[in-house]
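Structure first, then comments.
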Amino acid sequence: KNDKPKTYWVLVERVPTEEELVRMRNGLKIEDYLTKPCSVKILDPQPEVDPRDPPVRLRKTVQDIWIEITIVEGKNRQIRKMTAAIGHPTLRLIRRKIANLELGDLKIGEWREIKRTEINF
């Protein structure tokens with residue numbers, strides 16, 4: 001019932017290796033819980049995202065990169081804990097999609113009503 005895919009764009013510190021991404025895809029042990037397998041990829045090209053207020057800290061010696069993660073669970077702070085578990089802390093997190101409902105081009109602070117006919121769970 002609650003296993004709806006949720007897709008996030010996640011700004012992480014440093015570029016994850018393919019081995020680290022595979023660990024995430026296969027499920028990670030976070031605290032006392034094993035996450036379900038997920039989909040994860042480095043976004044190419046990197047998305048243009050409106051700046052955050054306050055801004056994300058930038059370091060000249062560390063490259064930050066956007067990745068896309070799709071999970072079917074939704075444990076408390078799960079995405080942040082998963083990226084930390086592979087050594088790439090989350091700097092920014094944007095939920096892009098839940099099941100068939102997509103954020104699209106809504107700007108920060110904007111919203112729109114969802115019609116019941118749009119919900120295809």
Do [X] and [Y] make a side-chain contact, defined as non-hydrogen atoms from C-beta onward lying under 4.5 Å apart?
{"X": "Pro16", "Y": "Ile65", "result": "yes"}
{"X": "Arg92", "Y": "Trp9", "result": "no"}
{"X": "Leu28", "Y": "Arg23", "result": "yes"}

Compare every heavy atom of [Y] with every heavy atom of [X], then report the nearest pair and how far apart it is.
{"X": "Thr70", "Y": "Pro5", "answer": "CG2-CB, 4.0 Å"}
{"X": "Thr35", "Y": "Tyr33", "answer": "CA-CE2, 3.7 Å"}
{"X": "Lys81", "Y": "Asn76", "answer": "NZ-O, 3.4 Å"}
{"X": "Ala85", "Y": "Ile30", "answer": "CB-CG2, 4.2 Å"}

Applying the side chain to side chain contact (heavy atoms under 4.5 Å, CB included) test to Ile67, which of Ile42, Leu11, Val15 qualifies? Ile42

Please report the interatomic distance [atom1]([X]) to [atom2]([Y]), rounded to the nearest 0.5 Å.
{"X": "Glu73", "Y": "Gln78", "atom1": "CD", "atom2": "CD", "value": "4.5 Å"}
{"X": "Ile79", "Y": "Leu93", "atom1": "CD1", "atom2": "CG", "value": "6.5 Å"}
{"X": "Leu103", "Y": "Ile98", "atom1": "CG", "atom2": "CD1", "value": "10.0 Å"}
{"X": "Arg25", "Y": "Ile69", "atom1": "CZ", "atom2": "CD1", "value": "10.5 Å"}
{"X": "Ile71", "Y": "Met24", "atom1": "CD1", "atom2": "CE", "value": "9.0 Å"}
{"X": "Glu118", "Y": "Asn100", "atom1": "CD", "atom2": "CG", "value": "8.0 Å"}

Indicate, with yes or no, if [Y] and [X] share a hydrophobic cluster defined by side-chain heavy-atom contacts under 4.5 Å among Ile, Leu, Val, Met, Phe, Trp and Tyr.
{"X": "Ile86", "Y": "Met82", "answer": "yes"}
{"X": "Leu21", "Y": "Trp66", "answer": "no"}
{"X": "Val12", "Y": "Ile94", "answer": "no"}

Salt bridge (Lys or Arg N to Asp or Glu O under 4.0 Å) partners of Glu20, counting only residues at least two apart: none

How would you list, by chain and number, every residue that makes a salt bridge (Lys or Arg N to Asp or Glu O under 4.0 Å) with Glu48, sequence neighbours excluded? none

Identify whether the distance between the nearest side-chain nitrogen and carboxylate oxygen of Glu31 and Arg77 falls below 4.0 Å.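 Salt bridge flag = no for Arg77 with Glu31.
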
NZ/NE/NH1/NH2 to OD/OE distance under 4.0 Å, Asp3 and Lys36: yes

Is a side-chain donor or acceptor of [X] paired with a backbone partner of [Y] at a separation under 3.5 angstrom?
{"X": "Thr7", "Y": "Arg96", "result": "no"}
{"X": "Lys6", "Y": "Lys4", "result": "yes"}
{"X": "Arg59", "Y": "Glu13", "result": "no"}

